[in-house]
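The block underneath contains the structure these notes are about, expressed in structure tokens.
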Number of protein chains: 2
Amino acid sequence: MSQNDSEHRLNSEQIDELFDRFISSNKLKHTAQRLKIVKRAFSMKKHFSADDLYHLLKREKTDVSKATIYRTLKLLVDANFLDELEIGTRQAKFYEPIHGREHHDHMICLKCGRIVEFTDQTIEKLQQQAAERNRFRVLSHSLKLFGLCASCNQ
Amino acid sequence: MSQNDSEHRLNSEQIDELFDRFISSNKLKHTAQRLKIVKRAFSMKKHFSADDLYHLLKREKTDVSKATIYRTLKLLVDANFLDELEIGTRQAKFYEPIHGREHHDHMICLKCGRIVEFTDQTIEKLQQQAAERNRFRVLSHSLKLFGLCASCNQ
DNA sequence: TTATTTGCAAATGTTTTGCACACAT
DNA sequence: ATGTGTGCAAAACATTTGCAAATAA
């Protein structure tokens, strides 16, 4: 893994700041539920699903309904605070804080589910060139490698 | 589009041959339903969903249940006769005949839904190298560019 | 005060599955 | 004869939505 997890985690103060930015930038209202969701989402050490978040909050006795979690996660993705990763059609989406990180792609271990991140500027460039050749305007992209991670591959 | 559709379509005789190969290679049984599904799937001019196939067959008075369509499509994908494309987690999967075509990636128009295919050997190579750097063994991959196709982008 | 937000339960949409019957080998 | 395959309806499952009650501004 090229990234150190803690390197990208925010402290409580930064999260409060981010929360305010999130709320005001979208003309939303401050609610206890949204604050709890944001606080928890931005302190996650790895990719998490809506359901993960739901159970974590429930365990911490700070219940928020699933509907609100889904609604808030969507807002956070639209506002570019969270990145959304789709592993497979029948599987729950995963989320991760963006927080100034550059775009990256994912390798997904089919055995243990581990998600390894990587970036390759040349690939990005070549994608863009392929798009231009087809007069296609890229708004977003997703590159996923499925296989076996180092430990699962012996 | 770099590919000519008709260039890759099979004639009736070739489909029969492919059907036999499909059945025998998997120790399956010849059934009217499977033949109908294979015939229709391999004469499709573009990507299709399970539901598309279901309605086409129904319209042609050759009813096959949805369950059987899903089961057969899965068999065809596993046997490497069809390629499966996931546009989004909550959307139906798309299928396309493989039939000797090389692997390709997709650009998906968010406005009209058009799917443009492309290949880039250098990208493939760089993906592999990125995987090796992480001692990750790639079994399959998916690269999708989302955006606006030439006509939708004016 | 009033437009948002929430929680609940019900709906959604695709795909899968249990089961009894039908059929290919 | 016997193991497969089929159709139906129900289940699965993540996510979305309608609605009435609660709450932020």
Side-chain angles (χ1 to χ4, degrees), chain A residues 16 19-41 47-58 61-79 82 84-95 108 113, chain B residues 16 19-41 47-58 61-79 82-95 113:
Chain A
D16 289 341
F19 179 61
D20 281 341
R21 195 148 42 89
F22 165 56
I23 294 300
S24 56
S25 73
N26 292 64
K27 287 169 192 133
L28 302 171
K29 296 188 172 175
H30 291 80
T31 68
Q33 290 90 329
R34 283 176 178 159
L35 181 57
K36 286 168 188 170
I37 292 169
V38 167
K39 273 204 187 312
R40 208 65 194 73
H47 300 75
F48 60 92
S49 66
D51 196 63
D52 290 340
L53 202 50
Y54 174 74
H55 288 295
L56 275 170
L57 289 174
K58 169 164 276 187
K61 312 270 183 234
T62 56
D63 272 37
V64 177
S65 74
K66 268 203 174 161
T68 296
I69 291 191
Y70 277 110
R71 286 187 277 232
T72 305
L73 287 178
K74 191 188 293 264
L75 287 171
L76 286 163
V77 169
D78 290 346
L82 287 183
E84 196 176 71
L85 170 63
E86 303 192 341
I87 297 282
T89 317
R90 293 300 124 214
Q91 283 154 76
K93 292 176 188 165
F94 282 110
Y95 299 87
I108 297 133
Chain B
D16 289 341
F19 179 63
D20 280 342
R21 196 149 40 91
F22 165 56
I23 295 299
S24 56
S25 74
N26 292 64
K27 288 170 190 132
L28 303 171
K29 295 188 174 178
H30 291 79
T31 69
Q33 290 90 332
R34 283 175 178 161
L35 181 57
K36 286 168 187 169
I37 292 169
V38 167
K39 274 204 188 312
R40 207 68 193 71
H47 301 76
F48 59 93
S49 67
D51 196 64
D52 290 339
L53 202 51
Y54 174 73
H55 288 295
L56 275 170
L57 289 174
K58 171 164 275 187
K61 314 271 184 228
T62 56
D63 272 36
V64 177
S65 74
K66 268 202 173 162
T68 295
I69 291 191
Y70 277 109
R71 286 188 276 233
T72 305
L73 287 177
K74 189 188 292 263
L75 286 172
L76 286 163
V77 169
D78 290 346
L82 288 184
D83 200 13
E84 197 176 71
L85 170 62
E86 302 193 343
I87 298 282
T89 319
R90 294 298 126 214
Q91 281 155 76
K93 291 176 189 164
F94 281 110
Y95 298 88

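The chains referred to below are lettered A, B, ... by the order of the sequence lines, with proteins before strands, and numbering in each begins at 1. Hydrogens, waters and symmetry mates play no part in the numbers below; they use all other heavy atoms, side chains included.
Each of B:Leu28 and B:Tyr70 lies near DNA chain C, and the nucleotide nearest B:Tyr70 is the one positioned closer to the 5' end. Two residues, B:Arg90 and B:Thr68, neighbour DNA chain D, and the one matched to the more 5' nucleotide by heavy-atom proximity is B:Thr68. Between A:Tyr95 and B:Asp63, it is B:Asp63 whose nearest contact on DNA chain D lies nearer the 5' terminus.
Here D:dG7 is the nucleotide among D:dA24, D:dG7, C:dT14 with the atom lying nearest to any side-chain atom of B:Val64. For A:His30, whose side chain is taken as the heavy atoms from C-beta onward, the closest listed nucleotide among D:dA14, D:dA25, C:dT5 is D:dA25. Side chain of B:Arg71, nearest nucleotide from D:dA25, D:dG7, C:dT25: D:dG7. Considering only side-chain atoms of A:Lys74, the nucleotide from D:dT16, D:dT15, D:dT6 that sits closest is D:dT16.
Atom CD of B:Glu84 and atom C1' of C:dT15 are 11 Å apart (whole Å). Atom P of nucleotide D:dG5 and atom CZ of B:Phe22 are separated by 9 Å, given to the nearest angstrom.
Counting heavy atoms from C-beta outward, A:Phe48 and A:Leu56 have side chains that stay 4.5 Å or more apart.
Distance CZ/A:Arg71 to CG/A:Leu76: 14.0 Å, rounded to 0.5 Å.
Heavy atoms of B:Ala67 sit under 4.0 angstrom from at least one base atom. B:Arg34 comes within 4.0 angstrom of the backbone, heavy atoms only, and of no base.
Not one N or O on the side chain of A:Arg34 forms a donor-acceptor pair closer than 3.5 Å with the backbone of A:Thr72.
Nearest heavy atoms, A:Glu86 versus B:Ile87: OE1-O, 4.5 Å.
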